[in-house]
Amino acid sequence: PGCVQPVADGVRRRSRQTPEPEIGRQRWVMMSIGADITLISGVDLALAGANLLPESQIRTLSTKAAIDPQVTECLIPEWVADELGLDFLETRMTEIKGRWLQSKIYRYVRVQFKNRQAIADAYVIPDQTKVVIGRSLMLAMDVLLDANYGLVVNPESPDVARIVMT
């Protein structure tokens with residue numbers, strides 16, 4: 001998170017309130033963190049909620065996801081969107097790590113990790129091969145990255161997710 005500030009020459013520049021992670025080993029360690037999650041079709045959840053689909057037919061997928069707090073959203077491969085029967089919403093140009101890519105947005109997927117869950121749109125970008133959980137889902141589920149244990153439920157609120165709205 002940063003803020004845009006005017007400077008003397010009239011050009012707005014983004015200033016960072018928190019430093020970027022270092023490139024090299026620290027970055028590699030961050031990308032190597034994975035977590036076992038379950039993805040659930042939001043389409044099927046809605047149909048089941050309206051009594052139009054038996055709960056036993058809700059499509060789910062258990063997988064190992066990469067955890068990357070530099071990514072803001074949930075990224076999935078196209079085959080995951082197909083397997084879960086997610087609804088295509090729109091196409092957008094999306095900046096990912098300095099590159100602009102055309103991404104497809106699918107609505108919506110429930111992500112479960114241990115006793116936490118969150119609902120999010122899923123972004124499919126070209127050549128995406130794995131599920132990536134970004135910081136918006138981490139915040140929504142109130143989970144943290146631990147250097148020794150990987151993704152963990154926030155120990156300050158182990159039973160119920162706490163969400164900060166400011």
Side-chain angles (χ1 to χ4, degrees), residues 1-3 16-51 53-87 89 94-97 103 105-125 128-166:
C3 58
R16 293 259 177 220
Q17 294 172 343
T18 56
E20 288 288 328
E22 294 175 16
I23 303 300
R25 179 155 165 58
Q26 183 178 359
R27 177 75 184 122
W28 180 84
V29 169
M30 226 183 253
M31 284 303 295
S32 69
I33 294 173
D36 293 321
I37 64 163
T38 300
L39 301 174
I40 303 168
S41 169
V43 172
D44 291 355
L45 287 170
L47 291 171
N51 293 320
L53 182 72
E55 285 191 20
S56 62
Q57 292 182 16
I58 295 174
R59 289 171 278 192
T60 65
L61 174 68
S62 294
T63 188
K64 185 150 205 117
I67 309 303
D68 189 348
Q70 286 190 321
V71 172
T72 56
E73 305 298 333
C74 175
L75 306 179
I76 62 171
E78 184 101 39
W79 69 266
V80 171
D82 293 340
E83 187 168 315
L84 294 176
L86 302 180
D87 283 338
L89 177 64
T94 309
E95 183 182 10
I96 299 176
K97 300 191 180 178
S103 61
I105 316 298
Y106 288 86
R107 182 148 287 164
Y108 62 92
V109 63
R110 179 186 287 171
V111 179
Q112 292 182 328
F113 171 75
K114 297 193 177 183
N115 67 336
R116 302 300 166 90
Q117 61 184 351
I119 294 174
D121 288 339
Y123 286 64
V124 173
I125 59 170
Q128 184 68 27
T129 59
K130 60 188 171 192
V131 175
V132 178
I133 301 301
R135 71 177 166 268
S136 63
L137 278 171
M138 291 176 62
L139 290 169
M141 292 189 291
D142 192 22
V143 295
L144 307 170
L145 284 179
D146 181 273
N148 296 316
Y149 301 105
L151 192 67
V152 296
V153 169
N154 185 347
E156 293 181 6
S157 58
D159 300 320
V160 177
R162 295 185 308 176
I163 299 173
V164 178
M165 295 289 194
T166 58

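- Residues Lys114 and Leu151 fail the side-chain proximity criterion, which asks for heavy atoms closer than 4.5 Å.
- Taking CD1 of Ile58 as the reference point, atom OG of Ser41 lies at 8.0 Å (rounded to 0.5 Å).
- Within the 4.5 Å cutoff, the side chain of Val80 has no heavy atoms near those of the Tyr106 side chain.
- Contact check for Lys130 versus Val132: side-chain heavy atoms found under the 4.5 Å cut-off.
- Between Asp121 and Cys74 there is no side-chain heavy-atom pair separated by less than 4.5 Å.
- Residues Ile37 and Ala65 approach most closely at CD1-CB, 3.6 Å, considering heavy atoms.
- Nearest heavy-atom pair, Lys64 versus Asp36, reported as atom, atom and distance to 0.1 Å: NZ-OD1, 3.8 Å.
- Taking 4.5 Å as the limit, every side-chain heavy atom of Ser103 sits out of range of all side-chain heavy atoms of Leu75.
- For Glu55, the CD atom sits in a loose shell: 12 or fewer heavy atoms of surrounding residues, nucleotides or ligands are nearer than 6.0 Å.
- Atom-to-atom distance recorded for Glu73:CD and Thr94:OG1 is 9.0 Å, nearest 0.5 angstrom.
- Counting heavy atoms from C-beta on, the side chains of Met138 and Ile133 come closer than 4.5 Å.
- Panel note: side chain Tyr108, backbone Ile119; no donor-acceptor pair is recorded below 3.5 Å.
- Note that CD1 of Ile105 and CG of Asp87 are 13.5 Å apart. Values are rounded to the nearest 0.5 Å.
- Between Pro77 and Glu83, the closest side-chain pair of non-hydrogen atoms is not below 4.5 Å.
- Smallest separation of non-hydrogen atoms from Phe113 and Val143: CD2-CG1, 3.8 Å.
- Considering all non-hydrogen atoms of both residues, Ala122 and Ile76 come closest at CB-CD1, 3.5 Å.
- Counting all heavy atoms, side chain and backbone alike, Ser62 lies closest to Thr38 at OG-OG1, 3.3 Å.
- Counting heavy atoms of neighbouring residues, nucleotides and ligands inside a 6.0 Å radius, atom CZ of Arg59 exceeds 12 of them.
- Annotation: the span from Ile33 atom CD1 to Leu145 atom CG amounts to 4.5 Å, rounded to 0.5 Å.
- Arg116 places a side-chain N or O within donor-acceptor distance of the main-chain N or O of Asp142, the cut-off being under 3.5 Å.
- The structure places CG of Leu61 at 5.0 Å from CH2 of Trp79, a figure rounded to the nearest 0.5 Å.
- At least one donor-acceptor pair under 3.5 Å links the side chain of Asn115 to the backbone N or O of Pro158.
- A pairwise comparison of heavy atoms in Ala140 and Ile163 identifies O-CD1, 3.7 Å as the closest pair.
- Rounding to the nearest 0.5 angstrom, the gap separating the CD atom in Gln117 from the CG atom in Leu137 is 11.5 Å.
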